[in-house]
Amino acid sequence: MNDQATVVKALLPVLDGTLDEATIQKLIEVPKTSNLGDYAFPVFTLAKTYRKAPQMIAKELVEKIDASQFEKIQAAGPYINFFLDKPQFSHDLLHEILTTADHYGDADLGKKGNVPIDMSSPNIAKPISMGHLRSTVIGNAIANILRKVGYNPIKINHLGDWGTQFGKLIVGYKKWGSEEAVKADPITNLLKYYVRFHQEDQKDPELDDEAREWFRKLEAGDDEATKLWSWFREVSLKSFMKIYDMLGITFDSFNGEAFYNDKMAEVVQLLEDKNLLKESQGAEIVDLSAYDLNPALIKKSDGATLYITRDLAAAIYRKRTYDFVQSVYVVGNEQRDHFKQLKAVLKEMGFAWSDQIHHVPFGLITQDGKKLSTRQGRVILLEKVLNDAVDLARQEIDKKNPDLPNKEAVAKDVGIGAVIFHDLKNDRLNNFDFNLEEVVRFEGETGPYVQYTNARAQSILRKAGAIELDAAADYTITDASAWEVLKALGNFPQMVVRASKEYEPSVIAKYALHLAKTFNKYYANTKVLVDDAEKPARLALVASVSQVLVQSLSLLGVNAPKEM
RNA sequence: GUCUCAGUAGCUCAGCUGGAUAGAGCAAUGGUCUUCUAAACCAUGGGUCGUGGGUCCGAAUCCCACCUGAGGCACCA
């Protein structure tokens, strides 16, 4: 393969050992514009050892380098610019992509190691909001990316199906609710009781006592409480599944908070055995001042356990069950300290694997600049957003391609693809203010733009008829206008690796946009279906672009219709 | 008060781990469909990279201080 490694190999012998291979590799960069070559080596660092001006060094080195593997090598000021052998590169790369097919870009960093991913995790009896979308789609994309580089991801939906809010919910249901209402529209009505509870307890603090009492009953296994709880859970989950189906996302486990109820006593026992528990203000804590952290609250003064106790139990359970090589938590940035505490407590408990726990934080979705809050009734319902997106996509199709077959399926792919892509294209940690027009956009740097690019590539391939894979075919492209596309195609594998190391789906989203952009430019200027010697190579290029675009979108969890 | 994240074009954001003249999209203006889907392509305008110091041959990028915004800071998750 004609790539960065070739550049390193060319440089190594002429540097007389002043720099080692790894250092050279690190220094090599990609110039901003193509007229400066495909790779560049800045020689500033050599100026001291050679006691010469960088420009001179560059000029002298160029004389000595074996240029046979390259189109040319030039000194440009303090840089040595390498121009790859384009015909060779295109031939090798297109063959590689077409023969490896969906496995192009695969890596084996993970050695099949298990990686549980804690993601989505909505609360029972509350609607799935835009906020949950982030954890869901980021987690799903990370799972896909990790699988591609050789890990075995396990998607865990850690449902919020336990806690004091159930006491509140039961009180609200008994006071203001009815079976019929819950049956008719579970989430809406359950949410109504919850919101009303928080309004009324402002003036009537006794409600809180009632709620606490009901939750105590639930924990004690009281019949009526348990029945209500499991009913709420069941109807909620059913409506969640509808949304996950729309998003095309599945899970390997729905073990949520309730699942760990019987596993927390052991955690507390372990902490006691190691003498880590301390009493403070009536509560049981683990002191973490050595880590510069607030103490971890293991047990409330009333004896009830808390969030972190449950997460400790879950972490230990996951280690035992999956023997993970990494354990990933896709949870909002506002919980940063919580995960630091979690890792610190595990470390104190003597679990060396606490280092394998990775919190993957993401930024907030706000509305009018403020945090969304279910309690205050400020929610953006994900289901509505998705439906709106599909509606808008349908309108777009009616306008642009009214005769399209499978309109409904395509509208779904495009509308929902737009929403998912929008969520993934920027750095995870960026906050963003919700704006429907912004989220469901079809033009510019969007999911539909990438989908559209693929649809056009597919259209060319349809018109060309089937192209047979011939190992002996000549895929040499001499056309300079194809060069940027080829280079972009060649970058895919390293983008996948980077995305996996940084847990950053936006790397893939940005890559897909870049590839689509270079291809659109090519497409606008070069006719593919012309009968000449390079036509098979051009078709191989188009097929490769489509394949890599589809692959990129699929890593993000976005479908790629063949026509739109 | 303290910690985290952010501050780059009118708006939304790129800028990989310090490197060559700071880039996209949207919006604005003008152009391109008898030719592989115009959800596209091309062109033009638009910048004291929050402010002030420092390190370096070289800083949007690293360090320090300050300003602004969002979020967190033990009995919610």
Side-chain angles (χ1 to χ4, degrees), chain A residues 26-27 29-33 36 40 42 44-45 47-48 53-54 76-79 81 121 123 158 160 162-165 257 280-285 288 292-302 304-308 310-311 331-338 340-341 361 363-364 366 369-371 375 393 396-397 399-401 404 414 418 425-427 429-433 435 437-438 441-446 448-453 455-464 494-495 498 502 506-507 510 513-514 516-517 520-530 542 563-564:
Chain A
K26 243 188 115 182
L27 284 169
E29 50 188 83
V30 177
K32 283 179 192 159
T33 53
L36 296 170
F44 299 102
T45 38
K48 276 181 202 146
Y79 290 87
N81 294 332
S121 313
N123 293 317
H158 189 81
W162 203 254
T164 44
Q165 77 265 26
E257 295 169 355
S280 167
Q281 298 170 32
E284 305 262 359
I285 63 156
L288 296 175
D292 218 13
L293 290 169
N294 280 326
L297 242 187
I298 301 298
K299 264 186 177 178
K300 298 205 272 193
S301 40
D302 67 4
T305 54
L306 279 132
Y307 181 35
I308 194 155
R310 206 162 239 103
D311 264 5
V331 179
N333 193 32
E334 65 272 19
Q335 290 193 40
R336 212 177 185 97
D337 288 349
H338 166 74
K340 280 191 192 157
Q341 289 180 320
L364 236 43
T366 56
K370 280 185 203 155
K371 191 179 177 178
R375 281 191 191 187
E396 200 71 6
I397 292 167
K399 235 188 318 185
K400 305 229 154 100
N401 199 352
L404 181 74
V414 173
K425 84 169 167 184
N426 290 133
D427 265 21
L429 278 165
N430 291 358
N431 292 352
F432 74 83
D433 202 60
N435 174 321
E437 291 88 81
E438 193 75 30
R441 192 159 238 154
F442 303 117
E443 288 162 19
E445 298 175 323
T446 65
Y449 172 86
V450 180
Q451 290 172 320
Y452 179 66
T453 307
R456 296 215 297 189
Q458 280 298 320
S459 173
I460 294 177
L461 297 172
R462 258 196 313 278
K463 296 209 158 115
Q494 67 202 65
M495 290 298 149
R498 201 181 126 201
E502 296 175 9
S506 73
V507 168
K510 278 173 194 138
L513 285 171
H514 173 69
K517 213 176 285 185
N520 275 322
K521 194 172 236 181
Y522 173 75
Y523 174 100
N525 296 307
T526 311
K527 181 101 174 136
V528 174
L529 297 173
V530 176
V542 174
E563 281 184 81
M564 62 187 270

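Below, chains carry the letters A, B, ... as their sequence lines are ordered, and counting in each starts from 1.
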Exercise. Using the P atom in both, what is the distance from B:G52 to B:A39, to the nearest Å?
Worked result: 46 Å

Exercise. B:G47 and B:U35: how far apart are their P atoms, nearest whole angstrom?
Worked result: 40 Å

Exercise. Closest heavy-atom contact between A:I285 and A:P295?
Worked result: CD1-CB, 3.7 Å

Exercise. Does A:N520 make a side-chain donor-acceptor contact with the base of B:A38, cut-off 3.5 Å?
Worked result: no

For this session: Could you measure between the two C1' atoms, the one in B:U12 and the one in B:G53, and give it in whole Å?
Result: 32 Å

Exercise. Closer to the 5' end of RNA chain B via nearest nucleotide, is it A:Y452 or A:E29?
Worked result: A:E29

Problem set entry | Nearest-Å distance once atom C1' is located in both B:G46 and B:A27 | 12 Å

Exercise. Which whole number of Å gives the distance between the P atom of B:U17 and that of B:G7?
Worked result: 14 Å

For this session: Identify whether the glycosidic angle of B:C33 places it syn (within 90° of 0) or anti.
Result: syn

Exercise. Looking across every strand, which nucleic acid part, if any, lies under 4.0 Å from A:E563 by heavy atom: base, sugar-phosphate, or nothing?
Worked result: base

For this session: Look at the side chain of A:V528 and decide which nucleotide, out of B:A40, B:C36, B:A20, has an atom nearest to it.
Result: B:C36

Problem set entry | Nearest heavy-atom neighbours spanning A:R441 and A:A418 | O-CB, 4.1 Å

Exercise. Which pair of non-hydrogen atoms, one from A:L306 and one from A:K299, has the smallest distance, and what is that distance?
Worked result: CD1-C, 4.2 Å

Problem set entry | P spacing across the pair B:U2 / B:C64, given as an integer number of angstrom | 15 Å

Exercise. If you pin A:P78 and A:T305 to their nearest nucleotides in RNA chain B, which one's is more 5'?
Worked result: A:P78

Exercise. Any N or O donor-acceptor pair linking the side chain of A:T164 to the base of B:C76 at under 3.5 Å?
Worked result: no

Exercise. What is the distance from CG of A:D337 to P of B:C3, rounded to the nearest Å?
Worked result: 12 Å

For this session: Answer yes or no: does a side-chain N or O of A:K371 lie under 4.0 Å from OP1 or OP2 of B:G71?
Result: no

Exercise. Who does B:C62 pair with, Watson-Crick or G-U, both distances under 3.5 Å?
Worked result: B:G54

Problem set entry | Selection from B:U37, B:U4, B:A39 that lies nearest to any side-chain heavy atom of A:E443 | B:A39

Exercise. How far, in whole Å, is B:C33 from B:C41 if one measures between their C1' atoms?
Worked result: 11 Å

For this session: Taking only the side-chain nitrogens and oxygens of A:K399, find out if one of them lies under 4.0 Å from OP1 or OP2 of B:A39.
Result: no

For this session: Describe the nucleic acid contact of A:L306 in one word from base, sugar-phosphate, nothing, applying a heavy-atom distance below 4.0 Å.
Result: sugar-phosphate

Exercise. Looking at A:T164 and A:K300, what are the two nearest heavy atoms and their distance?
Worked result: CG2-NZ, 4.1 Å

Seminar exercise, completed: Nearest heavy-atom contact between A:T305 and A:R310 is OG1-NH1, 4.1 Å

Problem set entry | Whole-angstrom distance between B:G50 and B:U8, as gauged at atom C1' | 10 Å

For this session: Using both distances under 3.5 Å as the test, list the Watson-Crick or G-U wobble partner of B:A70, or none.
Result: B:U4

